[in-house]
Amino acid sequence: MKAIILTTAFLALLSAQSIAENKKHDHSNHNDHNSKNMHKGHHAMDGKPITISGELIGLTCFIKHGSKGKSHRSCAKDCAEKGLPIGLLSDGQIYQVSGDGHKSLVEAYKPLLKYMESKVRVKGKVFERQGLKMLVIDKIKEGS
């Protein structure tokens with residue numbers, strides 16, 4: 001009987017500890033998570049500053065169909081307005097464009113829409129993990 005009571009108490013303690021740990025890393029409350037202090041503390045990796053030229057493309061159509069360029073501008077803008085991913089194609093490399101922190105892609109892409117399927121020069125931060133490059137654009141101008 002003592003063994004059952006001790007085992008039950010031990011399992012309850014482990015369960016409480018597990019719940020406490022999960023709450024520390026819970027992302028369900030993105031209002032707190034989006035604060036600058038939380039973002040800096042929670043995400044240890046900072047982006048590497050970069051200045052790069054390339055073509056701002058709609059990734060969905062480019063990856064699935066090879067579509068890009070001025071004839072694809074309207075479609076790429078429509079996709080970006082819906083929050084579908086966009087990218088910067090530069091010297092054969094693709095950088096997926098993201099917003100700062102956990103900003104909605106719809107909001108992050110609004111200032112970029114007029115540059116879709118155009119040659120641009122950008123300043124920002126690049127993040128890379130397991131071969132995927134993600135770019136947060138701080139400044140953008142048309143041309144290379």
Side-chain angles (χ1 to χ4, degrees), residues 4 6-144:
I4 293 173
L6 286 175
T7 302
T8 304
F10 179 71
L11 291 174
L13 179 63
L14 281 178
S15 178
Q17 185 177 7
S18 176
I19 290 169
E21 280 297 311
N22 284 339
K23 282 187 177 184
K24 269 193 224 176
H25 300 291
D26 183 11
H27 287 5
S28 63
N29 187 348
H30 277 277
N31 291 332
D32 291 340
H33 190 65
N34 278 334
S35 75
K36 292 233 180 232
N37 292 336
M38 177 64 174
H39 187 264
K40 285 290 185 190
H42 187 71
H43 299 283
M45 187 174 141
D46 285 330
K48 177 182 163 188
I50 190 171
T51 300
I52 190 169
S53 295
E55 185 175 354
L56 205 58
I57 60 172
L59 283 181
T60 302
C61 291
F62 180 75
I63 299 292
K64 289 183 175 179
H65 314 291
S67 302
K68 71 179 192 80
K70 299 230 184 272
S71 64
H72 186 252
R73 179 176 281 164
S74 176
C75 180
K77 285 174 78 172
D78 287 345
C79 288
E81 286 173 336
K82 294 174 186 168
L84 293 173
I86 64 174
L88 182 74
L89 177 61
S90 176
D91 296 325
Q93 293 285 314
I94 296 175
Y95 297 79
Q96 181 179 348
V97 177
S98 179
D100 193 24
H102 291 94
K103 186 176 188 179
S104 152
L105 293 181
V106 170
E107 291 302 313
Y109 293 166
K110 280 182 181 179
L112 307 176
L113 293 174
K114 67 182 180 182
Y115 301 102
M116 290 305 301
E117 300 297 336
S118 297
K119 301 282 186 195
V120 293
R121 183 162 181 82
V122 302
K123 286 186 180 187
K125 294 173 277 190
V126 67
F127 299 81
E128 185 172 359
R129 187 169 312 274
Q130 294 185 312
L132 179 66
K133 295 179 182 192
M134 187 168 282
L135 176 64
V136 175
I137 296 174
D138 294 324
K139 295 182 180 181
I140 186 169
K141 66 178 184 176
E142 200 158 18
S144 353

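It should be emphasised that the depicted structure is a prediction, and the values quoted were computed from it without experimental measurement.
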Chemist: Which heavy-atom pair separates Phe62 from Lys68 by the least distance, and what is that distance?
Modeler: CE1-CD, 3.5 Å
Chemist: Could you state the interatomic distance from CG (Leu113) to CG (Leu56), rounded to the nearest 0.5 Å?
Modeler: 9.0 Å
Chemist: What closest approach, in Å, do Gly58 and Ala76 show between heavy atoms, and which atom pair accounts for it?
Modeler: N-CB, 4.1 Å
Chemist: Could you walk me through whether Ile57 and Glu117 pass side-chain contact (heavy atoms from CB on, under 4.5 Å), step by step?
Modeler: CA-CA 5 Å; Ile57 60 172; Glu117 300 297 336; 3.8 Å; yes
Chemist: Determine, stepwise, if the pair Met134 / Gln96 fulfils side-chain contact (heavy atoms from CB on, under 4.5 Å).
Modeler: CA-CA 5 Å; Met134 187 168 282; Gln96 181 179 348; 4.0 Å; yes
Chemist: Would you give me the side-chain donor-acceptor pairs under 3.5 Å for residues 79-95, sequence neighbours excluded?
Modeler:
unit_1, atom_1, unit_2, atom_2, d
Ser90, OG, Ser53, O, 2.7
Gln93, OE1, Lys133, NZ, 3.3

Chemist: Using every non-hydrogen atom in the two residues, find where Gly131 and Glu128 come nearest and quote the distance to one decimal.
Modeler: CA-OE2, 4.3 Å
Chemist: Less than 4.5 Å apart, side chain to side chain, heavy atoms only: is that true for Arg73 and Ser118?
Modeler: yes
Chemist: Please report the C-alpha distance between Val122 and Val97 in whole Å, then the side-chain angles of each, then the deciding distance to 0.1 Å, and finally whether the side-chain contact (heavy atoms from CB on, under 4.5 Å) criterion is met.
Modeler: CA-CA 11 Å; Val122 302; Val97 177; over 6 Å; no
Chemist: Report the distance from atom NZ of Lys114 to atom NZ of Lys77, rounding to the nearest 0.5 Å.
Modeler: 10.0 Å
Chemist: Suppose we screen for side-chain contact (heavy atoms from CB on, under 4.5 Å). Which residues come up paired with Lys119, at least two apart in sequence or across chains?
Modeler: Glu55, Ser144
Chemist: Would you compute the distance between atom CE of Met116 and atom OG of Ser74 and round it to the nearest 0.5 angstrom?
Modeler: 11.0 Å
Chemist: Report yes if some heavy atom in the side chain of Cys75 is under 4.5 Å from a heavy atom in the side chain of Ser67; otherwise report no.
Modeler: no
Chemist: Under the criterion side-chain contact (heavy atoms from CB on, under 4.5 Å), I'd like the reasoning laid out for Lys125 against Asp100: C-alpha separation, chi angles, the key distance, then a yes or no.
Modeler: CA-CA 9 Å; Lys125 294 173 277 190; Asp100 193 24; 4.0 Å; yes
Chemist: When you compare the side chain of Ile137 with that of Val120, does any pair of heavy atoms fall below 4.5 Å?
Modeler: no
